[in-house]
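Note that the structure is a prediction, hence the values are computed from the model and not measured. The sequence lines fix the lettering, A, B, ..., with proteins before strands; numbering per chain opens at 1.
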There are 2 protein chains.
Amino acid sequence: MVEMTGIVDVAARAGVSVATVSRALRGLPGVSDATREQIRQIAAELGYVASPSAAALPTGRTGAVAVVSPVATTGWYFNAVCEGAQEVLAANGFDVLRYDLSEVETNRRRVFDTQLLRKRVDALLLTSLPLTPEEVEALHAMNRPVMVVGPIVSGLPSVRIDDVEVGRMATEHLVGLGHREIAFAGGDPDDQLGFPVSPDRRIGYAEVLREVGVEPDPALTVPAKFTVEAGVAAFAELWARDVRPTALFAASDEVAMGAMHEARRHGVRIPEDLSVVGVDDHDMSWLFGLTTVAQDVRAEGRIAAGTLLEALRSGIAGETTVTTVPTELIVRSSTRPAGQSAS
Amino acid sequence: MVEMTGIVDVAARAGVSVATVSRALRGLPGVSDATREQIRQIAAELGYVASPSAAALPTGRTGAVAVVSPVATTGWYFNAVCEGAQEVLAANGFDVLRYDLSEVETNRRRVFDTQLLRKRVDALLLTSLPLTPEEVEALHAMNRPVMVVGPIVSGLPSVRIDDVEVGRMATEHLVGLGHREIAFAGGDPDDQLGFPVSPDRRIGYAEVLREVGVEPDPALTVPAKFTVEAGVAAFAELWARDVRPTALFAASDEVAMGAMHEARRHGVRIPEDLSVVGVDDHDMSWLFGLTTVAQDVRAEGRIAAGTLLEALRSGIAGETTVTTVPTELIVRSSTRPAGQSAS
DNA sequence: CTGAAAGCGCTTACAG
DNA sequence: CTGAAAGCGCTTACAG
């Protein structure tokens, strides 16, 4: 092992005890300004940095927070949350440990092994993760601040958007353009956990349709996870059902992108033959001219991280509050008034 | 602090010393099978997991590796590398700490503060990071395994693709289609560090052009960082120069996407008026029908992580070897023979 | 095969 | 304002 300057080196060089060095460097009271300044100088010269492992032992604080997300593949959304969180965490000297739950079984056990994670991080940030009641229980037992970004999870504080409202905004836009035969693509048929995001968006969609006197047609609803591939499959399914809606509300931009791609493959022009609205304002959505209900995912990550830091600082577990951040309709070129099929 | 079962609890319950528990659980020799099995059982019952911080102190091993990437914004590529790396790292029980170098000045200092990082992680994985000689020096001084994914960095082992060959493949494809006026978009004009990726791709491009008797025209080369926005700007620049190439080789798919978008805005049809080739096979490239020189970025991350684990396991610093992974041309609909402008 | 004990590098009452 | 000392939860020679 190469020389690693430790606290004793600094203490020796400064002619004080390690206790004083520890207090001085961490800004604790009870150190004269002169001494503190001198110690700082020496620490800087020596390039001394306290070992997080060593500091974690007596304090129980690791200086790290975990960001847990499902299936790495789903990509953009989770990375954006993580980027936002990481931004504020790093600025506050915290490390971030990323846990991706790809192989469902294995990794889930690992992540929610309270012992494991509790010894590793001071707080947890979960992104759009379906959780069982037992898992929520385990998280509480961890006795560490937890935030979830995405859905409301009973018993856990979260940062989210109003998904029903999202569904309303998208559908109102389409309805306002005169569309009445509007398909909905979203919802994971394999979801056993009642993950509410897509269902809520669908509720908003259904509400608005009924408000204009249209009963939502089950034949116009197709399931789709939050991926481009699911969007492709969703449109294919609609097409196979022989329904020909004039508009499509996709539960996410990625779903919308896939659906648009598949639609074009069938000779359906967008927006001439089909108007499409997505959700998220994915980084690439503007390239597709995609109209979307935008959310600031990175900001959500930042807010969640900030709340976590606050809880850590105050030592208070934090209320189980739900912070709802605003969304905004961004109209681009994938939507247009109904009945204008002839360009 | 809530009850955290520690090694003493397990030892007490098993009626053995903590030393034996430590050895048994880590699979070290010198423990009878019966004892080991019993200890395992008890540890499982109690949900005991060794504290990484506590274990790190005597061993100097944190069980974590850092994945360092520049500017979070550049997105896809770095996330893909990280996903690949994380996959193998997590499978081997390692945590991954992500460091994004967004605010250049500040974070760079932070990350390359050898003391800081050395006390935090056992190994380092750098993605496409321009490094100064001093930084390479600092990395060596850290005395920890380091791998870089992307460019060859003198003195550091890396996993990369043959960028000159990439340039050749893309250009040969276009030349083979009969194109001779081929633009190149790539290279960061602000780069002070001689980051070789784009320049190498350009070398391959120039080589192939010369081989068919065409002297590369400086007017057909425009700078572009690896972003969609840069691609937009690059095409705009070409357009402003009043050059009208029949094909464009973009240094990355994101650049290509931006360029295609801007081209269409100017009424340039793809591929009728302009053939476009990118590099990477970005997750979304197929949606654009983009012809590209594909690389398996996640695999590169996996390989780099595997090498790191091997170095950690063997204790050997590892050769400064360069692993070159293959690339493959994927032809889609953004390229077509020259001179077929009339559709 | 197993244990007692020192030590890893910090932090934190407790004294002074 | 400052220091001596115990302790955080492990690992690892060293004995036996």
Side-chain angles (χ1 to χ4, degrees), chain A residues 1-40 42-43 46-64 93 115-116 118-122 315, chain B residues 1-40 42-43 46-64 93 115-116 118-122 315:
Chain A
M1 184 124 308
V2 190
E3 52 356 284
M4 286 230 220
T5 60
I7 197 170
V8 296
D9 301 307
V10 180
R13 191 90 176 292
V16 296
S17 70
V18 296
T20 300
V21 173
S22 175
R23 286 187 285 248
L25 258 22
R26 286 180 306 142
L28 296 186
V31 182
S32 76
D33 290 350
T35 310
R36 190 189 303 275
E37 194 43 46
Q38 188 213 2
I39 291 174
R40 280 205 177 118
I42 291 174
L46 267 41
Y48 167 72
V49 177
S51 155
S53 308
L57 215 35
T59 62
R61 298 200 142 206
T62 63
Q115 300 289 340
L116 205 174
R118 193 209 276 169
K119 288 177 176 171
R120 265 180 159 85
V121 299
D122 299 334
Chain B
M1 187 123 309
V2 189
E3 52 354 289
M4 285 231 219
T5 61
I7 197 171
V8 295
D9 302 306
V10 179
R13 192 87 177 295
V16 298
S17 71
V18 297
T20 300
V21 173
S22 176
R23 286 188 283 247
L25 259 21
R26 287 181 304 143
L28 295 187
V31 182
S32 74
D33 289 349
T35 311
R36 190 190 302 275
E37 195 43 46
Q38 187 212 2
I39 291 175
R40 278 201 180 125
I42 292 175
L46 268 41
Y48 168 73
V49 178
S51 154
S53 308
L57 216 35
T59 61
R61 297 199 142 205
T62 62
Q115 299 288 340
L116 204 175
R118 192 209 280 170
K119 287 178 176 171
R120 267 182 158 84
V121 300
D122 299 334

- Message: Taking A:Ala55's backbone N and O only, do any of them form a donor-acceptor pair with A:Arg61's side chain (distance below 3.5 Å, no angle check)?
- Response: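 Not at all, since once roles are kept as given, no pair shorter than 3.5 Å links the two residues.
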
- Task: Check whether any side-chain N or O of A:Arg13 sits under 3.5 Å from a backbone N or O of A:Ala43 as a donor-acceptor pair, and report yes or no.
- Result: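 Looks like no, no N/O pair under 3.5 Å.
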
Any [X] side-chain N or O less than 4.0 Å from OP1/OP2 of [N]:
X: A:Ser53; N: C:dG9; answer: no
X: A:Arg26; N: C:dT11; answer: yes
X: B:Arg61; N: C:dC8; answer: no
X: A:Lys119; N: D:dG9; answer: no
X: B:Ser22; N: D:dC10; answer: no

Of all the nucleotides listed ([options]), which has the minimum atom distance to the side chain of [X]?
X: A:Ala55; options: D:dG9, D:dT12, C:dC10; value: C:dC10
X: A:Tyr48; options: D:dT2, C:dC10, C:dG3; value: C:dC10
X: A:Ile7; options: D:dT12, C:dC10, D:dC10; value: C:dC10
X: B:Thr35; options: D:dT2, C:dG9, C:dC1; value: C:dC1
X: A:Ser17; options: D:dC10, D:dA4, C:dT2; value: D:dA4
X: A:Ala19; options: C:dT12, D:dC10, C:dG9; value: C:dT12
X: A:Thr59; options: D:dT11, C:dT11, C:dG3; value: C:dT11

Taking atom [atom2] of [N] as reference, at what distance in whole Å does atom [atom1] of [X] sit?
X: A:Leu28; N: C:dT12; atom1: CG; atom2: P; result: 7 Å
X: A:Glu37; N: D:dC1; atom1: CD; atom2: P; result: 15 Å
X: B:Arg36; N: C:dC1; atom1: CZ; atom2: P; result: 9 Å
X: B:Arg120; N: C:dG9; atom1: CZ; atom2: P; result: 16 Å
X: B:Leu57; N: D:dT12; atom1: CG; atom2: P; result: 12 Å
X: B:Arg118; N: C:dC8; atom1: CZ; atom2: C1'; result: 15 Å
X: A:Leu25; N: C:dC10; atom1: CG; atom2: P; result: 10 Å
X: A:Asp33; N: D:dC1; atom1: CG; atom2: P; result: 8 Å

- Query: Of B:Ser51 and A:Val31, whose closest DNA chain D nucleotide lies nearer the 5' terminus?
  - Reply: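 That would be A:Val31.
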
- Query: Looking across every strand, which nucleic acid part, if any, lies under 4.0 Å from A:Gly30 by heavy atom: base, sugar-phosphate, or nothing?
  - Reply: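 Touches a base.
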
- Can you measure from CG (A:Asp33) to CZ (A:Arg40) and round to the nearest 0.5 angstrom?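 Separation between the atoms: 9.0 Å.
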
- CG of B:Leu46 to CD1 of B:Ile7: how many Å apart, nearest 0.5 Å?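 Here the interatomic distance stands at 12.0 Å.
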
- Message: With heavy-atom distances below 4.5 Å as the criterion, would you say the side chains of B:Pro52 and A:Lys119 are in contact?
- Response: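 In short, these two side chains touch, coming nearer than 4.5 Å.
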
- Min side-chain heavy-atom separation B:Val10-B:Ile39 under 4.5 Å: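 When only atoms from C-beta onward are counted, B:Ile39 and B:Val10 do touch, with a gap below 4.5 Å.
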
- Tell which nucleotide pairs with D:dA13, taking only Watson-Crick or G-U wobble pairs whose two distances are both under 3.5 angstrom.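 Checking every strand shown, D:dA13 finds no partner, since no pair has both distances under 3.5 Å.
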
- Task: Nearest-nucleotide wise, let me know which of A:Val18 and B:Ser32 is further upstream toward the 5' end of DNA chain C.
- Result: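 Its nucleotide being nearer the 5' end, the pick is B:Ser32.
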
